[in-house]
Structures are given as structure tokens and as C-alpha cells.
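Before any comments, here is the structure.
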Amino acid sequence: MRKNLFLFLSLFVANFAFAQEPATFEDVQLGSNGIWAAPEGENEMPSGGWLFTNYTGYGYWGGFTASNRTDLNQTGLNAQYTAVTGCGYDGSTQYAVAYTYGVQTDVYAADGQSHTVTGCYITNNLWAYQDVLQGSMGQTPFGGLSGDDPDWFKLTATGKNASGQTVGTLDFYLADYRFEDNSQDYVLDTWEWFDLSPLGPVATISFSLSSTKSNYGGMITPAYFCMDNFNGGGAAPDLPPYVVNPVQDVVFDDYPQTLQVNLEGVATDPDDPDENITYSIVSNSNPSALTATMSGKILVMTRQNANQTIVDLTMRANSDGQTVDFNVHVIINQVVDNPPYIVNPVQDVVFDDFPQTLQVNLDGVASDPDDPDENILYMIVGNSNPDALSTSMSGKILVLTRRNEDAAVADLTMRAASDGQYVNFNVHVIINQIVDEPPFILNPVQDVVFDEFPQTLQVNLDGVVSDPDDPDEGITYGIVSNSNETALSVEMDGKILVLSRLVEEQAEADLVMRATSDGQFVDFEIHVVMNQVVGVDENGPSFVAYPNPTSGTLTLTVADAQRFDYDLLNISGQSVMRGSAVGSEIQLDLGGCPKGVYFVSIRWNDNRLIHKVIVK
């Protein structure tokens, strides 16, 4: 019997080794730089009852090391030895940092036996955390520019037996952006428990990292994570929430009707704060009769018709990943809907002008005895005279526009609709005949006098004519005729008449103008006087311009002049070249001037002469 007991104990010890002391990494001796000083080559970093693989060589390291760094202002490679928390779990001084890319990152017991590991605390490395939020190497941050990309950064623990065969894997998300609701996306910045006990007894646990951010060379998210309290005590078992205040039956008596139920306090969690409980709708037994949505902890229900029915909603209270379901029973009573009726008939609408648009506010014309009047919709059913009247609705405003000046009547059939029922009513429209009066002369234009040559004058015709029954700003002006086109050029610029004198000799011109308003017009005259211009001399002995015509150089000679000023003007009287000459002669280069008629004005002492020049 004693032999059998000894054999049983031997087999028990062989298959289930005693639990190993947790690895807190406080027992790892660090260098002056706050990092475990690993020797060159392949190493095992001991802590507690566990060994953590490491490789160091040629300025490179991989696997596990230990750190006490706290500076969260570091970035990039300088942040590779720092946890995003700035300390170990629960404020401890030292913790492990792991770099998994291209190197074995394993943990196994110092006694060489298989063990069931409770778990460990995990958080992000500072560099990896920054990369998730900011992006790198031409890649966008996690979630993309829109925040909708389903990115993730994952730590995988692979349990192996003594023969190196895989017995199970577990995943732990360091960042997860796969949620439909972007507000639930996260990147880990606290120490969280990674439960490794489901792997069962294992000889080795290998850790690896993967990410949605990669290129042809593999994952580009920095392959770092931080660990503490390996095989330590995890969080206490989490108890689920339970219902303490069942929801009373919800009763609908009206239609349309929306009711809200505050679910705050319906469930409680014995070991987590109740304010963190969230509520969701699991199922709706009759969605055609009732729509249900959640707004925070408020259940919002809207009945969909007036029929009698019942609905059962299955609700779920969620707290720290655990749930409890409960029922909300909804009773929807029958509603008898009465149609709307006319309370304020519309008075006759009368048109006296053209063009003219009138608006009629129909709000309050009809009333619904059992539904809100603000929900009544108005529409046009028929128009007895669309040739005379155009109609449209803008909300509850009836917009009417007459289409011509003729006398007419129109009867509009209108409809007021409320909750699927309606009542029709009539709007009678009287359109009176319009007699359109023509425009008339209000302010005759005074004679226009030219005293110089070349010269351009402008006459503003705004206000010359008025229309007794149309807006004066709609009046347009045009030129009907010009009695002396040789001496005077005329054109219109809006309501501005532009007159340009064409000769220096004395002349007169009579312009016939037309003012048009709404298809009717009135004509009026403008008399133009062009006085003789003194000093214009084609071949005067005192002033010679040659060659004339010219295609390039023009020589100006003023007999007996010591000095003179010259000004070259175009046909519109605009100066295109001016200057002064010392002596009695100067040459001008007109090669850059457009072909046409020009005038050279010469001034010296008290004399002024003008000579016409042609550039060919």
C-alpha cells in the first residue's frame, strides 16, 4: 500500500510541477542606462522562477530585456525601452520589454518542467503606441484618415509542450480599430491582464506580434510590447450584472406616439461600477408595430401604426464583458383616427398687377381632432386654369403666379392630409385685367456741346424716362438713328450714351433715342452741337509733321521754337505718347502704334496746334 501511494505521488509530481514564483523583473540587475546589460550572444534573462530568451550582438538585440525607464517624452527608437505607462504594473519600478521581430521570444520555467501559467500583465511599448496614433513609413495612423479602416495590432501567445509541439494559441489586442462605432476603437495605454491559463500545462510560451500595417518586408508597426507579473495573480473573478429593478409594462394609447424608458438602475454589477453598465436591444418581437433604439441608457420606442398589439423587447445589460438579459413588455392600444376638417376657409385671392406673385399661408386652414395640427400637410390636387395661373407649395405656403395680363378666374382644389386621412377644400382666384401704360419723357436731355477735338462725352440717361406702372430700373435705352454719322459716333454702355466727335469742323447731329419698358416704348431726341476747334492746322507753316501717312518714324518740326511739348492722341482723345522737345525738331517712333487716325497736339509759349496723322 505504501508503495502504491509513493508511485502515485511520483507520477503526480512528474505530470504537474509545482507552481513557479512570479516574474516581477524587480530582481533583474539593470545597467546605469536603466536596461538589463545582456552579454553578447544568446541569453536567458532570469526573473522569479522563469527564464526569458534574449539575443544581443552586433548592436542589435531581440527577445526580452528589463527596463526602469519612465520618460514619456521620448520618440521613435529612443522610446523602444519605455512602457507607455511610464512604470511597471501597479506603479512598480521595473518591467520587461520584448522585441519580437526576427528573433525567438520565449518564456519557460527555470525548473525545466511544464506549468499552467496564470497569465501576465501587458501594455504597449511607447514607440509602438506612438506609431499606432501617428503612422510611419508613409503609412496612415490606425483607422486611416477617415478613422474607418479596420486596423489592429495583436500579441499572440503560443503554448508548446516539451517536444516543441503547439498545444494552443491565445490572442491579445494591443490596438483594435475594427468596431463599427469608431468611438469604441482603442490603443492600449494601461496595464491589462492577459489570461494564459487556457493554454494548460506548457513547457514554453512563445510570443509574437502581428498588425494590419505591413509592406513587402513584413509588419511595419514597431514589434515591441511590455510585460509584468508573469505567472502572478490576475484580476479577481468578474461577477456578472443582475436585474434589480425590472421594467414595468410600457403602454401606448396615442398615435403617433414615442415613449422613452430610462434603464439606469435596472441592473447592478456586484464588483464593477454601475455607471459603466451599458444597455442594448437584443431582439424586437414585432418591429412592424414598434421601432426601438437606444440613446445612451434611454430606450426610445415609437409605435408604427394605430393598430392594437403587444411587443416584447429582449434587452441586455453589459458590464465589463459580462451580461444579463431582461424583458420589456409593451402594450399598444387601438387608436381610432378621425380625419382633419376645415376650420378657416381661404378667402378669394385677387390679382391686380402683372407680373405678380402672391402667397397664401395655409397653416390653420384645417385641423385634426386627434393629431397635432403642425403635422398637417397641404398639397395641390387640381388647377382649373393653368394657362392663367401657375401654382406650387413651399411647406404650408401656397405660391401663386399670374402668367399674363388677361382677366381670368381659377379654382384650385387643395388637400389637407393628416396621418393618412385628408379633407379637400377650394381656393378661388380672381385675376383682373391689366392695362399697361407706356413709358413717358420725364427729364428731356439738354443739348450736348463739343468744344474740343478729339473729344468724347458721356450722357447718363437714367431718369430721362419713367414708367407709370412698371419699375423704372427695368427701362432700357437704345439708339434709333444718328443724323450725322460722319461727324459723330454713338454707342450705349448700359444706360450711358457715349458720344465721340469725329471731325474738328463745326457740325451738328440729332440722335433719335428709344426707351423701352415691358414691351412698350417712347422715342426722344438729343441735339448735339460740335463747335469749330481753333488751332487745328493740317498744313500750317509753323508746324510740320512728316512723313504723313507714316508706318514708323514721325518727325515734328516747329519753326523758331526753342522748346515745345507734344501729345499724341488716338481717335477717342486718349493720350498714347507724350513728352518735350528741346529745340525745334524731334523724331517719334510710331512703329508700335496700331494703324489708324491720330492727332498730334503741340504746345509752345502760349501757342497750341493740332495736326492729324495717319499710321498705316
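Note that the coordinates shown come from a computational prediction; the quantities given were computed from them, not determined experimentally. We count residues from 1, following the sequence as given.
Residues R303 and V335 have side chains in contact (heavy-atom distance under 4.5 Å, counting atoms from C-beta outward). A 4.5 Å side-chain heavy-atom check between I35 and S67 finds at least one atom pair inside the cut-off. Put simply, the side chain of V103 reaches to within 4.5 Å of the side chain of T105, judged on heavy atoms. Using a 4.5 Å heavy-atom cutoff, the side chains of V409 and N385 are not in contact. Between L299 and M294 there is a side-chain heavy-atom pair separated by less than 4.5 Å. The shortest side-chain heavy-atom distance between D370 and Y255 does not fall under the 4.5 Å cut-off. Looking at L209 and Y101, their side chains never come closer than 4.5 Å, going by heavy atoms from C-beta outward. A 4.5 Å side-chain heavy-atom check between W152 and S210 finds at least one atom pair inside the cut-off.
Pairing each heavy atom of N231 with each of Q20, the nearest pair is ND2-O, 3.0 Å. Residue L196 comes nearest to I205 through the heavy atom pair CD1-CD1, 4.0 Å, listed as atom of the first residue, atom of the second, then distance. Heavy-atom minimum distance, P256 versus D371: CD-OD1, 3.2 Å. Minimum interatomic distance between S394 and V399 (heavy atoms only, all atoms of both residues): CB-CG2, 4.4 Å. The two residues G364 and N344 come nearest to each other via the heavy atoms O-ND2, 2.8 Å. E192 and F172 make their closest contact through CB-CZ, 3.9 Å (heavy atoms, listed as atom of the first residue, atom of the second, distance).
Using a distance-only test at 3.5 Å, with no hydrogens or angles considered, no donor-acceptor pair links the side chain of T70 to the main chain of G86. Listed for the Y89 side chain is no donor-acceptor partner under 3.5 Å among the backbone atoms of D228. Judged by distance alone, the side chain of D27 and the main-chain N or O of G48 form a donor-acceptor pair under 3.5 Å. Under the 3.5 Å distance criterion, the side-chain polar atoms of S163 are left unmatched by any main-chain donor or acceptor of Q165. Under the 3.5 Å distance criterion, the side-chain polar atoms of D151 are matched with a main-chain donor or acceptor of G143. Looking only at distances, no side-chain donor or acceptor of N333 sits under 3.5 Å from a matching main-chain atom of V251. Between the side chain of N383 and the backbone N or O of L389, at least one donor-acceptor pair lies under 3.5 Å. Without hydrogens or angle criteria, N245 side chain to G265 main chain gives a donor-acceptor distance under 3.5 Å. Formation of a donor-acceptor pair under 3.5 Å by the Y378 side chain with backbone atoms of A366 is found in this model. R403 places a side-chain N or O within 3.5 Å of a backbone atom of P386 that can act as its donor or acceptor partner.
Under the 3.5 Å distance criterion, with hydrogens and angles disregarded, no donor-acceptor pair is assigned to the side chains of Q304 and T302. A donor atom on one side chain and an acceptor atom on the other are found under 3.5 Å apart for Q74 and T82. The closest side-chain donor-acceptor pair between S206 and D106 falls under 3.5 angstrom. Side chains of T24 and N229: a donor-acceptor N/O pair is absent below 3.5 angstrom, by distance only. Inspection of the T140 and D149 side chains reveals no N or O donor paired with an N or O acceptor under 3.5 Å. D131 and S136 share a donor-acceptor pair across their side chains, judged by distance under 3.5 Å alone. Using a 3.5 Å distance cut-off with no hydrogens or angles, the side chains of D185 and S183 do not pair a donor with an acceptor. For the residue pair N307 and T309, no side-chain donor N or O sits within less than 3.5 Å of a side-chain acceptor on the partner. D274 and T268 are linked by a side-chain donor-acceptor pair at a separation below 3.5 angstrom, with hydrogens and angles left out of the test.
The OG1 atom of T85 sits 10.5 Å away from atom CG of N125, with the distance rounded to the nearest 0.5 Å. Between the OH atom of Y95 and the SG atom of C87 there is a distance of 8.0 Å, given to the nearest 0.5 Å. The OG1 atom of T212 sits 10.0 Å away from the CE atom of M219 when rounded to the nearest 0.5 Å. Taken to the nearest 0.5 Å, the CG atom of L155 stands 10.0 Å off from the CG atom of L170. D368 contributes atom CG, which lies 7.0 Å from atom CG of D419 (distance to the nearest 0.5 angstrom). Between the CZ atom of F351 and the OG1 atom of T357 there is a distance of 7.0 Å, given to the nearest 0.5 Å.
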Practice item. Take W50 and V117 through the side-chain contact (heavy atoms from CB on, under 4.5 Å) test and state the conclusion after the steps. Key: CA-CA 11 Å; W50 302 90; V117 179; 3.8 Å; yes

Point to revise | F252/L259 under side-chain contact (heavy atoms from CB on, under 4.5 Å): CA gap, chis, key distance, verdict | key: CA-CA 8 Å; F252 282 86; L259 297 177; 3.6 Å; yes

Practice item. Take N262 and Q260, measure what side-chain contact (heavy atoms from CB on, under 4.5 Å) needs, and give me the verdict at the end. Key: CA-CA 7 Å; N262 190 344; Q260 297 183 346; over 6 Å; no

Check your understanding: Yes or no on ring pair (Phe, Tyr, Trp, His ring centres under 6.0 Å) for F207 and F225, after CA distance, side-chain angles and deciding distance?
Key -> CA-CA 10 Å; F207 291 92; F225 70 95; 5.8 Å; yes

Exercise for review: Please assess Y279 against V266 for the test side-chain contact (heavy atoms from CB on, under 4.5 Å), listing each intermediate value before the final yes or no.
Suggested key: CA-CA 10 Å; Y279 294 87; V266 170; 4.0 Å; yes

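Of the residues Y224, W127, W61, the one that meets the side-chain hydrogen bond (donor to acceptor under 3.5 Å, both in side chains) test with Y81 is W61. Considering F230, F25, W193, W191 in turn, W193 is the only one that fulfils the ring-ring contact (aromatic ring centres under 6.0 Å, His included) rule with Y121.
Applying the 6.0 Å contact sphere to OH of Y173 captures more than 12 heavy atoms from other residues, nucleotides or ligands. Open room surrounds CD on E180; 12 or fewer heavy atoms of other groups in view lie less than 6.0 Å from it. Within a 6.0 Å radius of CD in Q248, other residues, nucleotides and ligands contribute 12 heavy atoms or fewer.
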